[in-house]
Amino acid sequence: MRKVTTIPAMADGYDVQAIEAKWQAYWRDHKTYEVDNGDPRPHFYVLCMYPYPSGRAHMGHVRNYTFGDLIVRHRTMLGNAVLSPMGFDSFGLPAENAAIRTGVHPRTFTDDRMAELRSSIERIGAVYDWRREVHSHDPSYIRWTQWIFLRFLEAGLAYRAMAPVNWDPVDQTVLANEQVLADGTAERSGALVEKRDLEQWFFRITDYAQELLDDLDGLDWPERVKVMQRNWIGRSEGAAFSMPVVDADGQEHADGVSVEVFTTRPDTSFGMTYAVMAPEHPLVSAVTTAERRADVEAFVDQVAGASDVERMSSQEALSKRGVFTGAYVRNPFTASPVPLYLADYVLMGYGTGAVMAVPSEDQRDWDFAVAHGLPHLRTVAPPQGWEGEAFTGDGPHINSGFLDGMLKDDAIVAAIDWLEGQGLGQRQVNFRLRDWLVSRQRFWGCPIPVVYCDECGVVPIPDDQLPVLAPDDVEFQPTGQSPLQSHEGFLHTSCPRCSGPVRRETDTMDTFVDSSWYFLRFCDPWSSDAPFSPAAVAEWMPVDQYIGGVEHAILHLMYARFFTKALADQGIAPATMREPFSRLFTQGMIRLDGEKMSKSKGNLVAPDEILDAEGADALRLAHLFVGPPQEDVDWEGVGLDGCSRFLQRLWRLAQGEVGSAAVVRDVTADDEQIERSVHRLMAKVGEDYERWSYNTAVAACMEATNDLYRYAQSEQGPRVDTLNFAVDTLLLLLAPMAPHLTAELWERRRGGHIHAERWPEPNPDLLGVDRVTMVVQVNGKVRDRIEVEAGITSQQAEDIALASTKVAAQLGGATPRKVVVRPPRLVNIVV
RNA sequence: GCGAGCGUGGCGGAAUGGCAGACGCGCCAGGUUUAGGUCCUGGUGUCCACUGGACGUGGGGGUUCGACUCCCCCCGCUCGCACCA
């Protein structure tokens with residue numbers, strides 16, 4: 001917990017609250033950060049992931065918006081037209097759950113929280129073009145989300161299908177695969193997800209699997225996010241081929257049934273000793289023999305009740321449950337029959353739902369073979385002395401007919417060529433990525449704009465009748481059922497096509513649909529005849545800097561990429577716009593005592609308290625100073641007091657309250673040293689801003705302030721022009737980080753608005769120092785430090801180093817074997 | 001198991017292959033102050049025979065005149081994926 005300390009005495013006149021309120025009002029009233037389309041300056045689009053309106057801001061928000069705001073202000077000072085919009089991801093279950101608890105309509109609840117969050121965001125001094133605000137539950141936004149849905153429907157990118165889906169029994173809705181964690185619990189509610197067969201709406205994200213994978217290469221994103229997306233897409237290349245079902249003697253079935261399998265290792269086909277189908281495979285009943293039927297049906301029933309995750313990850317699953325069907329399939333490579341099993345580790349949803357099993361070159365198959373007493377045959381020669389089980393490495397093929405002697409890559413190609421030549425199979429690419437399930441059985445989301453007509457089937461609501469809005473006169477019951485499902489007025493309407501009575505769709509869209517295009521709406525939020533104009537999108541997109549939490553690495557960031565590509569292909573967005581976010585930065589989490597800070601853990605440190613005491617600038621600076629922005633931080637490590645003290649010191653310095661009075665004089669060596677150090681500071685802070693090294697930028701400014709304190713307190717007093725130049729520069733460099741204090745001081749010292757000033761650029765001629773400390777090493781160990789002219793030659797440096805008495809003592813008369821000279825900083829004498 | 005990242009003082013952390021520990025917190029001392037706090041100045045890796053020296057960036061090896069930094073092996077922590085054929 002934060003220690004309650006006495007508030008440091010204020011520097012004279014530094015009234016944090018008054019100053020911060022004054023400048024927040026200034027930026028609002030002067031529309032400082034509003035930017036119009038068509039602005040002639042070079043464009044830069046900075047975006048923080050829009051938040052779910054949860055009420056007052058928490059520390060994660062503060063951190064996120066501090067980074068974003070810093071970039072907005074820095075880029076503006078660099079002369080860019082910076083688009084900095086903000087909005088709210090305002091659909092979602094918390095509002096609906098609150099409605100069930102309290103009876104307050106989700107809109108009222110959400111609007112209240114949005115207002116709270118907006119005002120606490122403003123209190124940290126983050127600036128936005130609020131004219132462009134969008135929120136998901138705004139009817140004008142709903143209209144265009146629905147419009148896009150209908151365009152996807154027309155294009156075949158949205159479709160309805162019966163599928164085994166993830167059902168969350170707590171939130172009473174289905175979930176997308178991406179919203180179920182590896183342990184089988186729901187990402188949002190934590191409930192153990194069940195499997196149900198339901199008819200649901202999907203977006204055909206798999207159409208873009210290859211492009212989503214390929215285009216990752218060109219993105220300036222954290223590598224781990226790209227890796228996570230690549231894993232999620234899960235491309236694998238191989239062959240699919242079919243095998244006729246036969247009996248133990250190799251006699252084909254009269255009905256000519258065959259099983260299609262997918263493999264990435266067709267080169268090992270000669271080693272196939274059995275085959276496996278998923279228990280849900282449509283051919284199960286057809287292939288099962290009479291004497292095995294009872295066992296097979298028992299197994300299928302047992303598996304049917306389990307979720308994918310239970311099947312794939314639990315301990316029982318790893319024990320390789322399976323059952324023999326009594327049938328065999330003929331391996332086309334050897335023409336021999338192998339037994340056909342069912343096993344729950346084979347999934348119907350991937351590949352063909354059936355696999356060939358090669359125990360000698362696949363550990364999973366090896367384990368299953370051991371458990372069920374099946375043989376194995378090596379087809380890739382393992383290395384000498386191999387004592388492992390399955391060998392998955394490369395080696396010359398054996399026992400493999402025409403593949404014998406080949407290495408893996410050649411053998412794969414040869415095996416596929418052979419399959420294609422025989423007309424038995426073909427090269428195939430599979431993806432792990434599934435289509436995106438977007439329907440949710442909840443009230444507080446964007447309604448799916450279709451009706452069901454007995455005559456016409458699924459009928460879209462015509463564009464001119466959008467938006468379809470949920471009714472207000474609804475009652476929320478703790479049944480878990482969406483009130484839309486029982487609202488007669490909403491449910492019944494007439495068919496847009498045949499005018500007959502129809503039933504409305506009562507499902508709403510996943511809230512990730514809303515967040516998949518909000519960054520496009522920000523470019524043109526006033527558009528009333530399209531979700532946005534292609535010209536406005538072309539003007540601002542892609543987002544130059546996107547900032548958010550790594551928890552969205554797959555979900556939001558994959559969906560938004562899909563939307564961008566799909567909208568471009570539908571001609572709604574410019575065709576060339578293939579990616580939404582050029583650069584992504586994922587900030588670290590804030591922990592408290594090692595735990596994630598969150599409402600549910602009850603370990604929040606409220607920013608409001610700190611804003612009341614130390615103020616926004618100190619809080620922002622503390623977040624920037626604590627460490628590298630991409631790293632997680634513990635709140636204990638956030639040095640608020642130190643940052644607050646620093647700002648007070650800066651205030652006193654800038655107000656002329658430190659040291660003796662400044663004097664007018666010609667430049668002395670000391671003055672010049674200060675001036676040069678200020679140019680170096682400009683270079684340092686500028687570079688640090690570019691490379692997201694804010695902690696070192698703050699440190700450099702603190703160091704400069706300490707130097708200026710000593711300078712101001714020096715015997716001869718500070719030179720007035722030198723001190724002013726140094727302080728003014730320091731204020732400019734800090735303006736993006738501590739906007740209120742620097743604005744106030746600038747106005748008092750210089751007049752005008754600091755954030756309208758140009759970013760200071762160093763004079764390259766003054767970046768060097770004239771005298772430096774040269775390090776003299778003997779055998780790599782520092783033995784002396786000597787002040788030298790910065791411009792000395794190698795020979796001079798060597799001479800000076802060898803003249804050192806300390807060095808002579810170390811050498812003890814020995815002759816150097818070698819002298820490494822890096823003038824003017826270092827000489828290393830090797831003996 | 002696979003993949004990625006990380007291991008530096010009491011703490012958060014700095015350091016393009018070239019002075020390890022910038023900056024801040026904490027702590028110690030001095031000054032200011034009636035006192036405490038604030039504020040100002042200085043000190044603060046460990047050890048020793050203390051105007052100096054030895055050791056020191058998870059452990060071990062290597063490359064190099066020189067390694068926190070590059071390479072190999074090991075240990076530990078964090079995150080992601082995990083029967084995807």
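Residue numbers start from 1 in every chain, and the chains themselves are labelled A, B, ... in the order their sequence lines are given, proteins ahead of strands. Computed from a prediction, not measured in an experiment: that's the story for all the values here.
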Checklist line | Polar side-chain contact Asn231(A)-C81(B) base: donor and acceptor under 3.5 Å | finding: no

Item checked: Arg822(A) side-chain N/O to C19(B) phosphate OP1/OP2 under 4.0 Å -> no

Next item on the list: May I ask you to evaluate whether Tyr709(A) reaches the phosphate of C40(B), defined as a side-chain N or O under 4.0 Å from OP1 or OP2?
Entry: yes

Can you give me the N/O atom pairs linking the protein to nucleotides 11-13 of chain B at distances under 3.5 Å, or say none if there are none?
unit_1: G12(B); atom_1: O2'; unit_2: Val626(A); atom_2: O; d: 2.7
unit_1: G13(B); atom_1: O3'; unit_2: Asn695(A); atom_2: ND2; d: 3.4

Next item on the list: Taking only the side-chain heavy atoms of Val820(A) (C-beta and beyond), determine which of G18(B), G42(B), A85(B) contains the nearest atom.
Entry: G18(B)

Item checked: From A82(B), A15(B), C39(B), nucleotide with atom closest to Arg432(A) side chain -> A82(B)

Check: Is a donor-acceptor contact shorter than 3.5 angstrom present between the side chain of Arg224(A) and the base of G5(B)?
Finding: no

Notebook entry, point to check: Where does the angle between the aromatic ring planes of Phe368(A) and Tyr341(A) fall among parallel (under 30°), tilted (30 to 60°) and perpendicular (over 60°)?
Noted result: perpendicular

Notebook entry, point to check: Nearest to the side chain of Arg645(A) - G26(B), C23(B), C65(B)?
Noted result: G26(B)

List, with names and distances, any nitrogen or oxygen atoms from the protein found under 3.5 Å away from nitrogen or oxygen atoms belonging to nucleotides 54-56 of chain B.
unit_1: A54(B); atom_1: OP1; unit_2: Arg783(A); atom_2: NH1; d: 3.4
unit_1: A54(B); atom_1: OP1; unit_2: Arg783(A); atom_2: NH2; d: 3.4
unit_1: A54(B); atom_1: OP2; unit_2: Arg783(A); atom_2: NH1; d: 3.2
unit_1: C55(B); atom_1: OP2; unit_2: Lys781(A); atom_2: NZ; d: 3.3

Note to self: Mind checking if Val830(A) touches a base, just sugar-phosphate, or nothing, with heavy atoms under 4.0 Å?
What the structure shows: sugar-phosphate

Next item on the list: Look at Gln713(A) and U41(B) and indicate whether a side-chain polar atom (N or O) is within less than 4.0 Å of OP1 or OP2.
Entry: yes

Next item on the list: Give a yes or no on whether the ring-centroid distance for Phe646(A) and Phe625(A) is below 6.0 angstrom.
Entry: no

Check: If you check the Leu347(A) side chain, which of C81(B), A85(B), C25(B) turns out closest?
Finding: A85(B)

